[in-house]
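One structure is given below, encoded as structure tokens.
Below, chains carry the letters A, B, ... as their sequence lines are ordered, and counting in each starts from 1.
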Protein chains: 2
Amino acid sequence: MMKEFLHDNRIFYNPIEFAMAHIGGTWKIPIILCLRNGPVRYGDLKKSIPHISDKMLFTQLRELEEKQMVVKHTFSEKPPRVEYELTPKAIKALPLIDQFTAYGISLMSDAGII
Amino acid sequence: MMKEFLHDNRIFYNPIEFAMAHIGGTWKIPIILCLRNGPVRYGDLKKSIPHISDKMLFTQLRELEEKQMVVKHTFSEKPPRVEYELTPKAIKALPLIDQFTAYGISLMSDAGII
DNA sequence: CGGTATCCTTCTTGATACTG
DNA sequence: CAGTATCAAGAAGGATACCG
């Protein structure tokens, strides 16, 4: 398939694993989709993503920041305001995410869910 | 985003999670890609996918069969021959997988890996 | 050749509670 | 408002060994 490589103290065997590290898991795509129309604050993300816990939102946002998929803007106001915004790296993923959604819907249709 | 739903005793919150259950994880896409040009036998899959263990190949093939992403053909020969083949559900995923790969490669390029 | 079982470790996720 | 810490349960994955 291809040669494996190291990144951030982890071994990857192919480009898909690398992409999965950026947008895989349960919560990263829902977060990215919430940010697709512009910056959103923490509390609004929490409200927009059903069932996500503070811990998951917090840890996933940190990971997305580390991978430079989102940037955090802190405004020194009272009450404090913090907004998260997609980077170009994440914006490039949007067509892929849309195709992913379409495939998911087609599988759901096959399974008789819709 | 959308209403959650149940399937196979598990809760899903959106179509992407459902798609991830079919092609997510470390090994399902490499297996699907090995089968893209037609049926392949167990031993050849093992040889073509570097680093996969028998346990992982075995469990992932069972899961792919359960989700009707692959079919197993058993030939009563000596020595026994068993081939795995993609179903239409998996074939439909190939364009998505290719786009996934392309995104992974572009991320790798951003990261200076290639 | 093509599995299958068992044990064990690591990673992911959930529940809960507390802070500047 | 926007985090942050701690504990624990469960799932995913690796090592090893054995079977028809």
Euclidean distance, B:Leu96 CG relative to A:Phe100 CZ, rounded to 0.5 Å
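So the gap between those two atoms works out to 5.5 Å.
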Euclidean distance, atom [atom1] of residue [X] to atom [atom2] of [N] [Å, nearest integer]:
{"X": "B:Met56", "N": "D:dT16", "atom1": "CE", "atom2": "C1'", "answer": "14 Å"}
{"X": "A:Ile49", "N": "D:dA2", "atom1": "CD1", "atom2": "P", "answer": "14 Å"}
{"X": "A:Lys72", "N": "D:dC1", "atom1": "NZ", "atom2": "P", "answer": "16 Å"}
{"X": "B:Leu57", "N": "D:dG14", "atom1": "CG", "atom2": "P", "answer": "13 Å"}
{"X": "B:Ile31", "N": "D:dG13", "atom1": "CD1", "atom2": "P", "answer": "11 Å"}
{"X": "A:Leu64", "N": "D:dG3", "atom1": "CG", "atom2": "P", "answer": "13 Å"}

Which nucleotide span of DNA chain C, 5' end to 3' end, has atoms closer than 4.0 Å to non-hydrogen atoms of chain B?
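The contacted stretch runs from C:dC1 to C:dC7.
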Select one nucleotide: of D:dA2, D:dC1, D:dG13, the one nearest the side-chain heavy atoms of B:Lys55.
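Nearest to the side-chain atoms of B:Lys55, counting from C-beta on, is D:dG13.
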Hydrophobic clustering (ILVMFWY, side-chain heavy atoms < 4.5 Å, transitive) - are B:Leu94 and B:Met69 grouped together?
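Shared cluster, yes.
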Can you tell if the side chain of A:Pro30 reaches within under 4.5 Å of the side chain of A:Ile52, non-hydrogen atoms only?
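Answer no - side chains too far apart.
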Is there a side-chain contact between B:Lys28 and B:Glu63 in this structure, where contact means two heavy atoms from C-beta onward sitting under 4.5 Å apart?
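They are in side-chain contact.
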Look only at the side chain of [X] and the backbone of [Y], and say whether a donor-acceptor pair between them is shorter than 3.5 Å.
{"X": "B:Lys72", "Y": "B:Leu61", "answer": "no"}
{"X": "A:Asp8", "Y": "A:Arg10", "answer": "no"}
{"X": "A:Ser109", "Y": "A:Ile105", "answer": "no"}

Quick check on DNA chain C: between A:Thr26 and B:Arg41, whose nearest nucleotide comes earlier from the 5' end?
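Going by which nucleotide is closer to the 5' end, it is B:Arg41.
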Hey, which of these two, A:Gln60 or A:Asp54, hits DNA chain C nearer its 5' end, going by closest nucleotide?
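Per heavy-atom nearest nucleotide, the more 5' residue is A:Gln60.
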Looking at every strand, decide which applies to [X] at a 4.0 Å heavy-atom threshold: base, sugar-phosphate, or nothing.
{"X": "A:Arg62", "result": "sugar-phosphate"}
{"X": "B:Thr59", "result": "nothing"}
{"X": "B:Tyr84", "result": "sugar-phosphate"}

